[in-house]
Amino acid sequence: MRTKINEIKNNCDVEISGFVDKIRDQKSMQFIIIRDLYGAVQITVDKTAKQNLLPTTEQLTVNSFVTIKGKAVENPYVKLGGKEIIPDEIKIDSIAETLPIDEESNIDQKLDYRWVDLRQPKNSLMMKVQTLFTRTVREFLFEQDFVEFHSPKIISQPSESGSDLFTLDYFGDKAYLTQSPQFYKQMAIASGLEKVFETGPVFRAEKSFTSRHATEFTGIDIEMANIYDVEEIMQFEEQMIAGALNAVKEKYGEEIEKIFGIEFNVPTLPFPRIKMKDAVEILQDLDFDIEFGEDFSTEQEKALGEYLIKKNKHEFYFITDYPAEIRAFYHMRDEKNPLIAKGYDLYWKGIEITTGAIREHRYDKLVAQTIERGNSTEKLQFYLDFFKYGCPAHGGFGIGLDRITMLLLGIASIKEAMFVFRGPTRIKP
Ligand code: ATP
């Protein structure tokens with residue numbers, strides 16, 4: 001039975017499988033480093049004692065995949081964990097050609113050979129961290145009786161503005177790839193499912209070449225019934241995120257520090273909150289040309305982030321009380337001030353990671369907001385119908401998982417913070 005490399009015990013017979021990481025050939029000895037997902041170990045071949053293995057080891061190339069049976073023994077001179085494996089059998093499962101990329105390759109060359117690039121310990125750690133983050137989030141949700149749904153990704157009508165949709169031919173008709181499961185999570189609420197979530201692909205046909213945009217990414221979408229106050233949603237989200245980051249810190253904190261060189265702190269609760277109008281005032285004081293009612297530019301977002309993080313000594317902040325006119329038409333308006341939407345954006349290290357809101361669930365008001373924002377009620381009728389036959393008050397939020405991974409590990413671009421990146425000029429592998 002195969003042993004994971006990190007679980008090898010001294011003075012035991014082991015069978016390991018992994019990629020050849022390094023080969024050091026000396027006159028009488030050969031040292032082969034084997035790496036699997038869990039660690040690396042040295043295989044020590046005494047050329048005189050193990051002559052039968054030489055025809056195999058001579059063929060070996062770096063990155064070939066091998067299975068080795070042998071004995072693990074203690075050796076304090078071996079830097080890699082003070083142990084080595086004395087092999088009895090070496091089987092080559094697959095021979096590797098010379099790699100097309102190395103550490104010097106640029107990001108695009110690396111992405112061309114993403115499966116090779118992902119073998120780097122830094123990238124496998126990234127994947128493990130992302131797995132634990134999502135797993136903890138899911139457990140948090142399951143503990144509270146959330147129902148998981150899987151909404152269709154081929155849709156007939158856009159859920160947001162429509163400008164960033166990929167179109168496709170659907171048996172002669174026009175269809176789109178969904179840019180958010182928004183309508184379906186609200187449908188799930190109207191279906192009486194009360195607390196729902198989905199993790200799934202989200203498509204955006206935006207020609208953005210920033211470090212934080214992809215044309216396909218993974219969204220974690222959450223919606224809850226019987227919620228009236230946006231504060232409740234923010235409290236729910238901050239607990240969920242802090243809990244997931246705490247789990248990551250406990251399991252991978254040290255490794256993250258060693259490999260990514262960042263000290264990663266679990267955020268304290270509550271995260272700071274700031275109203276849009278106060279954020280605008282800060283920007284005006286910083287000499288930016290912005291009025292309440294306008295959305296932030298990228299520069300303004302950046303400057304505001306730097307200011308708030310420094311002032312609050314906290315990497316996260318919620319911005320609330322946005323003008324309704326720059327938010328989605330289905331956000332509920334504040335009862336006291338209908339020009340304000342009951343929603344928020346959550347930022348981490350100055351980058352938006354979430355949009356959340358209370359939704360308008362009252363049919364007549366929703367129709368009025370749809371018209372006011374210049375949307376076609378005819379086209380959106382299928383969505384509006386969700387609210388015609390009884391529906392609880394509800395709210396929720398959507399998180400971009402890849403942005404979280406990027407920020408958590410201090411990775412410079414989202415391209416390297418996801419399994420396979422999709423961008424305006426990248427659709428392979
Ligand atoms: P941005 O203003 O940064 O383009 P957005 O306002 O379009 O984001 P939403 O539609 O609110 O974002 O989507 C919810 C979340 O999904 C965002 O907070 C972000 O974490 C993530 N997200 C949005 N667009 C992208 C993208 N193109 N690539 C990766 N993640 C994204």
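Order of listing sets the numbers, starting from 1, for every ligand and every atom in it. The basis for the numbers below is simple: all heavy atoms, side chains too, and nothing from hydrogens, waters or symmetry mates.
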Region of His213 engaging ligand 1 - heavy atom pairs below 4.0 Å: both
Which segment of Asp402 sits under 4.0 Å of ligand 1 when only heavy atoms are counted: neither
Candidate with minimal heavy-atom separation from atom 30 (N) of ligand 1, of Trp348, Phe296, Phe217: Phe217
N/O separation below 3.5 Å, Gly398 to ligand 1: no
Face-on cation placement of Arg273 at Tyr344 ring, 6.0 Å and 45° thresholds: no
Side chain, backbone, both or neither: the part of Glu206 lying under 4.0 Å from ligand 1 by heavy atom: side chain
Close N or O approach (Ile353, ligand 1; < 3.5 Å): yes
Part of Arg204 with heavy atoms under 4.0 Å of ligand 1, whether side chain, backbone, both or neither: side chain
Polar contact flag for Ile414 and ligand 1 (N/O pairs, less than 3.5 Å): no
Ring centre gap for Phe146 and Phe236 strictly below 6.0 Å: yes
Donor + acceptor pair across side chains of Gln235, Gln239 (<3.5 Å): no
Cation-aromatic face contact Arg327/Tyr322, 6.0 Å, 45 degrees: yes
Parallel, tilted or perpendicular: rings of Phe387 and His394 (30°, 60°): parallel
Check against salt bridge (Lys or Arg N to Asp or Glu O under 4.0 Å), Glu198 and Lys153: CA-CA 12 Å; Glu198 167 164 18; Lys153 302 303 159 205; 2.8 Å; yes
Contact check, Gln179 vs ligand 1, heavy-atom distance below 4.0 Å: no
